[in-house]
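The analysis underlying the following values was restricted to heavy atoms, covering all of them including side chains, and did not include hydrogens, waters or symmetry mates.
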Amino acid sequence: MENLKIYLEKDIDTELIKTKKIAIIGFGSQGYGQGMNLVDSGCNVVFGLRQGGKSDIKAKDYGLSTMSISDAVKWADIVQILIPDEIQAEVYKKEVEPNLRAGQYLMFSHGFNIHYGFITPPEGVSVVMVAPKAPGHTVRSEYLAGKGVPALVAGDDIELALSYASAIGSGRTGIIETTFKEETETDLFGEQTVLCGGCSALIKTAFETLVEAGYSPYMAYFEVCHELKLIVDLIYEGGIEDMHYSISNNAEYGDYTRGPKIIDSETKDKMKKILSQIQDGSYAKEFLDEFNNGGSRFKQLREASEGHLIEKIGSEIRSSFNWNRENKLIDKTKN
């Protein structure tokens with residue numbers, strides 16, 4: 001097994017990033033989180049946004065400097081692309097690429113468009129990646145708490161990427177070097193099979209099973225959704241075996257004997273098929289085709305998910321109990 005090298009602030013030239021002019025393209029979740037952290041770390045940052053648009057107005061309300069995307073690219077040494085994957089290539093072609101020059105850095109926080117070839121930077125422009133392993137609002141909240149989220153770095157200038165990653169708080173926690181291919185393919189696979197797709201499908205299916213058997217949807221929500229965080233926190237802090245130590249013998253026995261009946265060899269075969277579609281680029285093509293053709297299927301799927309009974313029950317429960325009251329509501333706008 002290969003040795004894991006984790007970079008911390010003590011291993012990094014934290015001043016390097018402060019010598020560069022950084023254009024953050026976008027002010028959604030990651031643009032907000034990374035950009036605000038960079039500003040607070042003393043970096044020279046401008047946000048490239050559609051002037052007069054919602055994101056531009058929001059950024060200015062925070063007291064941040066904004067320019068048009070074209071002007072921000074011309075101004076910057078580093079151009080960090082933090083707009084959604086499905087529109088990156090179009091915006092890049094129209095507003096970024098015509099204004100790039102040799103010696104600049106083009107940066108991403110997910111390798112999707114670079115790995116699959118939807119964006120091909122010109123000669124003389126270095127390509128790097130800094131991928132914090134958390135949503136942008138968590139990148140921000142952890143930074144404000146004096147901590148940080150882990151990050152992955154890759155590309156043509158690892159020293160620069162490490163310095164940037166440290167400035168958004170990741171040097172406090174740990175940074176790992178990877179490749180665009182590895183980050184992209186493992187990230188998509190994790191989202192689809194476990195973190196988002198697998199997890200939400202498992203929760204909804206278990207919820208439906210209990211409700212259809214006549215149990216209260218409120219009890220079902222608590223058992224298969226609310227308590228999930230408690231288990232995941234144990235795994236996050238100490239691994240699966242630490243979780244086993246903390247739960248009852250009854251729960252642990254059920255884990256060993258029933259878990260493999262739910263997630264079995266057939267599930268693994270399906271996971272392998274999903275991975276192969278990520279590796280051969282067919283998923284990437286399907287995703288972009290969906291949005292290039294108006295995204296009607298995506299909208300239907302989103303509406304169906306939002307209308308699921310578990311969402312109604314969950315909303316009612318969360319508004320009626322006192323846990324997590326200190327968490328402020330976050331802006332749900334993606335862009």
Side-chain angles (χ1 to χ4, degrees), residues 7 9 12-49 55-56 59 62 64-85 88-89 91-115 119-132 136 139-140 143 148-149 151-171 175 177-180 183:
Y7 296 90
E9 279 185 349
I12 297 167
D13 180 358
T14 56
E15 296 301 309
L16 176 60
I17 195 65
K18 296 177 187 177
T19 68
K20 307 294 184 184
K21 295 184 291 185
I22 307 166
I24 301 290
I25 310 302
F27 198 63
S29 176
Q30 287 294 338
Y32 160 80
Q34 293 187 37
M36 296 284 282
N37 291 2
L38 289 168
V39 170
D40 285 353
S41 291
C43 297
N44 189 3
V45 180
V46 157
F47 291 81
L49 305 168
S55 292
D56 180 54
Y62 279 103
L64 303 170
S65 299
T66 75
M67 295 181 183
S68 69
I69 293 175
S70 298
D71 287 343
V73 173
K74 292 174 185 175
W75 171 85
D77 301 310
I78 299 169
V79 181
Q80 167 65 300
I81 309 290
L82 293 177
I83 53 179
D85 295 326
Q88 280 188 15
V91 173
Y92 173 81
K93 277 289 183 188
K94 289 181 179 178
E95 300 182 71
V96 176
E97 187 176 47
N99 299 296
L100 287 174
R101 63 184 182 276
Q104 283 180 303
Y105 294 87
L106 192 61
M107 186 179 287
F108 298 84
S109 282
H110 180 35
F112 184 87
N113 279 281
I114 291 292
H115 174 57
I119 291 176
T120 305
E123 193 94 18
V125 173
S126 299
V127 183
V128 291
M129 178 174 63
V130 176
V139 172
R140 181 60 175 161
Y143 179 94
V149 302
L152 305 178
V153 295
D156 297 327
D157 192 329
I158 295 301
E159 292 304 314
L160 183 78
L162 287 170
S163 190
Y164 179 104
S166 185
I168 63 172
S170 297
I175 306 165
E177 185 175 354
T178 184
T179 65
F180 276 86
E183 186 276 335

Discussion item. Assess the residue pair I12 and I175 against the criterion (side-chain contact (heavy atoms from CB on, under 4.5 Å)); give the C-alpha distance rounded to whole Å, side-chain angles, the decisive distance to 0.1 Å, and a yes or no.
Written reply: CA-CA 10 Å; I12 297 167; I175 306 165; 3.7 Å; yes
Practice prompt. Kindly determine whether S41 and Y143 satisfy side-chain hydrogen bond (donor to acceptor under 3.5 Å, both in side chains), including the steps that lead there.
Written response: CA-CA 10 Å; S41 291; Y143 179 94; 2.8 Å; yes
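For residues 21-40, every residue pair satisfying the salt bridge (charged side-chain N to carboxylate O under 4.0 Å, His left out) rule, not counting sequence neighbours, is listed here: D40-R140.
Distance check: F47 CZ to L64 CG gives 4.5 Å after rounding to the nearest 0.5 Å. Summarising the geometry, atom CD1 belonging to I17 is positioned 5.0 Å from atom OG belonging to S163; distances are rounded to the nearest 0.5 Å. Going from atom OG of S55 over to atom CG of L49 covers 6.0 Å, rounded to the nearest 0.5 Å. A distance of 4.5 Å separates CG in N99 from OG in S70, rounded to the nearest 0.5 Å. Summarising the geometry, atom NE2 belonging to H115 is positioned 8.0 Å from atom OG1 belonging to T179; distances are rounded to the nearest 0.5 Å. To the nearest 0.5 Å, the span separating CD on E95 from CD1 on I25 amounts to 8.5 Å.
In this structure, I24 and Y164 approach most closely via the heavy-atom pair CD1-OH, 3.7 Å. The two residues A131 and S109 come nearest to each other via the heavy atoms CB-O, 3.2 Å. Of all heavy-atom pairs between P122 and L100, the closest is CD-CD1, 3.9 Å. The two residues F27 and Y32 make their nearest non-hydrogen contact at CE1-CA, 3.6 Å. Minimum heavy-atom separation, L106 to V96: CD1-CG1, 4.2 Å. Nearest approach of V128 to D157, heavy atoms of both residues: CG1-N, 3.5 Å.
When side chains are defined from C-beta on, M129 counts as touching T178, because their heavy atoms get closer than 4.5 Å. Contact annotation: the side chain of I81 never approaches that of N113 to less than 4.5 Å [non-hydrogen atoms, C-beta and beyond].
In this structure a side-chain-to-backbone donor-acceptor pair under 3.5 Å is present from Q104 to A76. Panel note: side chain Q30, backbone L82; no donor-acceptor pair is recorded below 3.5 Å. Under a 3.5 Å cut-off, the side chain of E183 and the backbone N or O of H110 do not form any donor-acceptor pair. A distance-only check finds a donor-acceptor pair linking the side chain of N37 to the backbone of V139 [under 3.5 Å]. Distance alone, capped at 3.5 Å, places no donor-acceptor pair between the N44 side chain and the K20 backbone.
Applying the side-chain contact (heavy atoms from CB on, under 4.5 Å) test between I158 and each of L162, L160, D156 identifies L162 as the sole match.
Ring pair F108/F180 is perpendicular by interplanar angle, where above 60° counts as perpendicular and below 30° as parallel.
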